[in-house]
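What follows is a set of notes on a single structure, which appears directly below.
Note that this is a predicted model, so its numbers are computed, not measured. The sequence lines fix the lettering, A, B, ..., with proteins before strands; numbering per chain opens at 1.
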Amino acid sequence: MRTSWADAVENVATGSFDNAGISGGTERQSAPTKPAYVPPHLRNRTPASEPPAPSLGGPPSGNDRSGYGGPTSGSRWAGSRPDFGRQGYGGGGRGGGGWGGRGGWGGRDREVNPFGNDDVETDAERVFNEQENTGINFDAYEDIPVETSGDNVPPPVNTFADIDLGDALNLNIRRCKYVKPTPVQRHAIPISLAGRDLMACAQTGSGKTAAFCFPIISGIMRGQFPQRPRGVRTVFPLALILSPTRELSMQIHEEARKFAYQTGVKVVVAYGGAPINQQLRELERGVDILVATPGRLVDLLERAKVSLQMIRYLALDEADRMLDMGFEPQIRKIVEQMDMTPRGERQTMLFSATFPKEIQRMASDFLSNYIFLAVGRVGSSTDLIVQRVEFVHDSDKRSYLMDLLHAQKANGAQGKQSLTLVFVETKKGADSLEHWLCLNGFPATTIHGDRTQQERELALRSFKSGNTPILVATDVAARGLDIPHVSHVINFDLPNDIDDYVHRIGRTGRAGKSGLATAFFNENNTSMARPLADLMKESNQEVPDWLTRFASRSSYGGKSRRGGGRFGARDFRRDSSYNRSGGGGDYYGGGSSAGYSGGYGGGYNPGAASAWD
DNA sequence: AAAAAAG
C-alpha cells in the first residue's frame, strides 16, 4: 500500500483532494492581476535562471489550486521537483543582494540573530550535546504507538535529511541542535509537505511547534504565490498560526523565528494587552507567517490591517481549546466569516495533546480530506511524570502546600534550578495564594488573566530565570508553555476537566526530563475521581485506594475514555456512531477515497491493528 | 462556575 514518497505525493496531487464541498458556497472576490510572487530564495536571481512558474493571473486562490494540483506544474507539492531551493541560499549569510520581491525593502534592516551565537556546533559537540539536548530515548521510538487514518497517508521519515526542507531550514535545525525528528515530527512533516490537512494529537512537550512550522516555512520558501499588494495599509500573510494565550503565541513566535532565520520568511506576532501600534509597525514591514491570539487578530481584521485572503497555511495550536465553547465563535469568525482562503485551497493543521470527539467533529468543518494522526509518548502515556494525589480539605491546602515546598527546599539536590508551578482555579485565588506564600517567605509570583500583560510577562520571566521559583497560575499557563526545569506541578485546585489536568501536568517532564505532579483532591472533586483514577492507571501510576473508592462511587458523566491510554484521542471518524450518519462523504472527498470505505483509512496498516485496538 | 481572548 505504501510505496514511495513520490508516489504518495503523486496520489495526493492527482486525485484525492476534496474540492467538492468548496466550490459551491464560497465565492471569492477576484483580486486584480498581479505579477508573480517571487519566493525569497529566488529574489536575487536573474529571471533566466528561474524555474518555469505556473501561470498565475486570476484570483489567487483558484489558480494556485491548479498550480499544486497539476502533476506537470513543477509546483511545491508535486513529485517533480526542480532544484530551485536547494542552492543559492545555503552558505550561511544570504548575501546582500537587493530583493526585488517586496516593496520598500531596499534598506532592509539586518535580521536579528535569534540564536545566542551563530556557530553551528562541530560534530564532536553534537555528539556531546545529543543526549543533553534531546534527553529522549530515541531507541524507544520504534515502540511508540502511532495511529493514522485518512486517505493515502504519506509514510513517516526517520531523519530530517530524508525530507527536503531546504538548506537554510536545515541549517537552523542544526542550530537548534535538533538531531532527529521526534515521533510527531516524523509523521506530521511528510503529511504536511504532501499538502494534506492534518489533525494531530501528540503528547505535551513532543515537538509539535516544529512539526507545523517546518512545513510552513519550507512551503513558503518554495512556493509560487501571487504578488501581494503593496502600498496599501493591509498586509497579506501566507500563513496564520493561532494559539489560545498570549504567552504561547509569544513562545511560538520565538521558536518560529529561529526556524525561519535567514530563510527570508518573515514571522510576526500579534496579541492583546500590548500596544497595537508596535505590532502594526512590525506587520507593515512585511509578514509571511502571522502568529496571533484570536482577539487581537479579529481586531486587526476589522480594522482591515490584515487580510486573510492569501492564507495558504492555517495552524491551530492547542486546537481543542481553540474550539471549545469560549473560543469557538471567534475562531469560526476568523476561519469562515472573514476573507480567509477556504478549506481545500489552504492547508489546515490542527495540533493538540488532547482531542475530544465533539471537538473533532467541529474541527472537521475547517478541514478537507484530512489525515488524523495520534502519536503516543515514549513508553506509556505521561511515563516521565510521577503523579500523586493527596486527599486534602480546602482548609488544609495551604499548610499541605507549605509542607511540599519545604520538602522541596530541603531536598535541595535539584537546587536553585528547580521550579514549582502551582495551579489554582481562580484569578482571585491565585492572587491570594501568592500573597500568602510571599508573607511566609516563599519567593512566589503569579500569572493570570487579571494581571496586566506586562505583569504576566514579568512573572513568567522571573519564574523561568529562577528568580521566583514558585509560580501560582490559573489555566492561562496550563497549555503549551515550555518552561525548562519545572520539576513539580502542584494542582492546588484540581481542574474540572481531565484534559486540563493532562495539559497542566505536561508543564513538567518535558524534553525527556522526569517530573513530579501532585494533586490535592477532596469531596469537591468527586467528578474527577473516575477520569483521574483511569488516567493514572493508564500511565502506570499508583492509585490510592481511597481514590478508587471515590471513582467507583461517582456516576460517570464525563467524556469517554481515551484510546487505551496511549493517545490523547483517536479519530472520531472511526467511531461507529459517526459513520452511520452519511455525512462522511464530507470528509473523504466525495468518493475519491475508496480506501476508507471499510471504516479505516487507506494508509492504515491492518497488520499493526493489535498494537492499539 | 471559571478561565482565556479586544479595549
Is a side-chain donor or acceptor of A/R507 paired with a backbone partner of A/A478 at a separation under 3.5 angstrom? yes
Would a distance-only check, ignoring hydrogens and angles, find a side-chain to backbone donor-acceptor pair under 3.5 Å from A/K208 to A/Q203? yes
Would you mind telling me which of [options] lies closest to the side-chain atoms of [X]?
| X | options | answer |
| --- | --- | --- |
| A/Q330 | B/dA1, B/dA5, B/dA2 | B/dA5 |
| A/H448 | B/dA1, B/dA5, B/dA4 | B/dA4 |
| A/T474 | B/dA1, B/dA3, B/dA5 | B/dA3 |
| A/E425 | B/dA5, B/dA2, B/dA3 | B/dA2 |

Grab the [atom1]-[atom2] distance between [X] and [N] for me, whole Å please.
| X | N | atom1 | atom2 | result |
| --- | --- | --- | --- | --- |
| A/F423 | B/dA4 | CZ | P | 12 Å |
| A/K333 | B/dA5 | NZ | P | 18 Å |
| A/D450 | B/dA4 | CG | P | 7 Å |
| A/Y501 | B/dA2 | OH | P | 24 Å |
| A/E247 | B/dA5 | CD | C1' | 11 Å |
| A/F492 | B/dA2 | CZ | P | 18 Å |
| A/D497 | B/dA1 | CG | C1' | 14 Å |
| A/D299 | B/dA4 | CG | C1' | 17 Å |

Is A/D500 touching bases, backbone alone, or none of the nucleic acid, heavy atoms closer than 4.0 Å? nothing
Base, sugar-phosphate, or nothing for A/R303, non-hydrogen atoms under 4.0 angstrom? nothing
Examine [N]: is either OP1 or OP2 under 4.0 Å from a nitrogen or oxygen in the side chain of [X]? Give yes or no.
| X | N | answer |
| --- | --- | --- |
| A/R246 | B/dA4 | no |
| A/K427 | B/dA4 | yes |
| A/T293 | B/dA4 | no |

I want to check a possible cation-pi pair here: A/R504 against A/Y501, using under 6.0 Å from ring centre and within 45° of the ring axis as the test. no
Which label fits A/F550 and A/F391: parallel for a plane angle under 30°, tilted from 30 to 60°, or perpendicular past 60°? parallel
Heavy atoms within less than 4.0 Å of DNA chain B: which residues of residues 319-329 of chain A have one? Give them sorted by number. A/G326, A/F327
Tested for side-chain contact (heavy atoms from CB on, under 4.5 Å) against A/P237, the lone hit among A/I311, A/I289, A/V291, A/D288 is A/I311
Do the charged groups of A/K537 and A/D534 touch, with an N to O distance under 4.0 Å? no
Under 3.5 Å, is there a donor-acceptor pair linking the side chains of A/H503 and A/D475? no
